[in-house]
Amino acid sequence: MANQDEDDIPMLFGSTSRQSCTTWACHWPTLAEPREKLNGGEVKAHINALYESGVPFFAKKAFQDVVDQLDSHPTAGDEIITKDLTGASLKWKVRLGLSKELCVRDDENNWNEQEFTFSQCALTYNPKERLIRDLDHDKIDVPDWAYAPISLIHSVDRPDKESETRKWIPTAPIGEREDVAHDFQEKSEAWEKSETCENFKSILRSVVSNHEIDNIIGFACGSIALEANEQCAVQTALLLTVRNWLKERDQDKRIPCYLQDPMNTDVDREVLADWDVEILDDPRGWLKVDERSVVLSVAPNVPVKEIIADIARPAIAIWFKVPDKDEYSTDPSTSRVRTMMADYDIFEFEPTVDGLHGNVMIYIRKSAIPPIPNADGTFWPLKIEAGQEITEGVPSEQ
Ligand SMILES: C[S@@+](CC[C@H](N)C(=O)[O-])C[C@H]1O[C@@H](n2cnc3c(N)ncnc32)[C@H](O)[C@@H]1O
């Protein structure tokens, strides 16, 4: 049995969908170098100023640094280092395999202590709004992580004390491979026959003729191996429709197709491998997105739009309609997202099938020529072309 971790108590939170609820634990990091204590008001003003001046909150380099550290197979007690918005290094302790008694609500809704094991590392993403809100909640001291756009988290699983191998108790029943394969085959065929799919294909055929496309990435689609998988099945099938259309258009060029959702199980991995779809562990999906990508993300629990606006200008983005003003959600759209979307045409394809929401739009980049990122690979600060001026954060022709 793993050692008990007697350290600090983690903050627990759930990532909920119709399919299941994953429990995550976030422990606080320590600053590599101590810094002067600031007050909340100063830090909020500073975070806003960093955003307005175009400092990228998310960058592929930061994700790659985490991936490199995770690829070296850290064990309990090791540290993962990330940088915050000021350039300061934060040290996050790895707790993989450790167990802890945590106070949670049980199935009858009573609070009691249960044993959990920290099983997998992932990131949580803190866009500007979230950092500011966290400061509103924290009435005491400005925490060391006040400027951290990414935080290391662990998924926490309940081990089955009765079983010798102490296997984890799944939070939702995972389907058998054959049943899941059959179910996905049926649901993707139904999608292909739907009127929505026809509308979708006709938009692609009529609008996207010259955009070079090299890969397709779906974020937060859910799991086809869990119950209530209509959304996941249709969103995954839609990505396969994009690939089939590209195969026709580009004379059989192979287009890799990836999915990133921590909800994915080994059964998802196996079944979707037969469809040549690869499941990527968080945060590896972001590294695949560039100006030759198609990105899909519907109702994610992570700020996909804010992240993409900082790191790439995909050829096509399929996601909820971007509102005209800031709206707080798990996937907020702030001025950077609106600025990015000004370079895209929007197409409605009237989703009527179960599994897509009516508010899902296809955004197609106006220019087939891929825009070039800044030297550090990000799209902030925004490049201003000659003859353009900035109006409310959006460059426009003079
Ligand atoms: C509300 S559900 C939406 C699921 C589905 N797209 C739909 O339309 O119903 C949010 C999804 O975001 C996923 N998610 C959470 N963190 C993520 C991450 N870091 N990367 C990708 N997906 C993530 C959750 O696991 C969950 O499946």
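Treat the numbers as computed from the prediction; the structure is a model and nothing was measured. Numbering of ligands and ligand atoms starts at 1, following listing order.
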Practice task
Check the side chains of S89 and E33 for a donor-acceptor pair under 3.5 angstrom, ignoring hydrogens and angles.
Solution key: no

Practice task
State the atoms of ligand 1, each with its element, that fall below the 4.0 Å cut-off from a heavy-atom position in Q231.
Solution key: 7 (C), 8 (O), 9 (O)

Handout entry: Which residue and heavy atom of the protein sit nearest atom 14 (N) of ligand 1, plus the separation
Key = P262 CD, 3.8 Å

Completion exercise
For atom 8 (O) of ligand 1, the closest protein heavy atom turns out to be Q235 NE2, 2.9 Å

Problem - Straight-line distance of D261 CG to D268 CG, nearest 0.5 Å - result: 8.5 Å

Practice task
Decide whether D68 and Q64 meet the rule of one side-chain donor and one side-chain acceptor closer than 3.5 Å.
Solution key: yes

Practice task
Would you please say whether a donor-acceptor pair under 3.5 Å links the side chains of H182 and E186?
Solution key: yes

Handout entry: W24 side chain to T124 side chain, donor-acceptor N/O pair below 3.5 angstrom
Key = no

Problem - Test of proximity, N301 against ligand 1: N or O pairs below 3.5 Å - result: yes

Practice task
Below 4.0 angstrom from a heavy atom of S17, which ligand 1 atoms are there? Numbered from 1 as shown, please.
Solution key: 2 (S)

Completion exercise
Note: ligand 1 atoms sitting under 4.0 Å from heavy atoms of Y125 are 19 (N)

Fill in the blank from the handout: Honestly, for D282 the part within reach of ligand 1 (heavy atoms, under 4.0 Å) is side chain

Problem - Contact check: Q260 vs ligand 1, nitrogen or oxygen atoms, below 3.5 angstrom - result: yes

Handout entry: ligand 1 contact on C221 by region, counting heavy-atom pairs under 4.0 Å
Key = backbone

Practice task
I would like to know whether K201 and W245 meet side chain to side chain contact (heavy atoms under 4.5 Å, CB included); could you show each step before the answer?
Solution key: CA-CA 7 Å; K201 286 195 280 196; W245 157 72; 5.6 Å; no

Practice task
Report yes or no: do S155 and S119 form a side-chain donor-acceptor pair below 3.5 Å?
Solution key: yes

Handout entry: Short N or O distance, A299 and ligand 1, threshold 3.5 Å exclusive
Key = no

Problem - Between N126 and S151: side-chain donor-acceptor atoms closer than 3.5 Å - result: yes

Fill in the blank from the handout: In this structure, atom 26 (C) of ligand 1 is nearest to the protein heavy atom D261 OD2, 3.6 Å

Fill in the blank from the handout: In terms of heavy-atom contacts, C257 and L239 come closest through SG-CB, 4.1 Å

Practice task
Check ligand 1 against G222 and write out every atom of the ligand that is under 4.0 Å from a heavy-atom position of the residue.
Solution key: 27 (O)

Practice task
Could you say whether the N/O atoms of A220 and ligand 1 ever approach to under 3.5 Å?
Solution key: yes

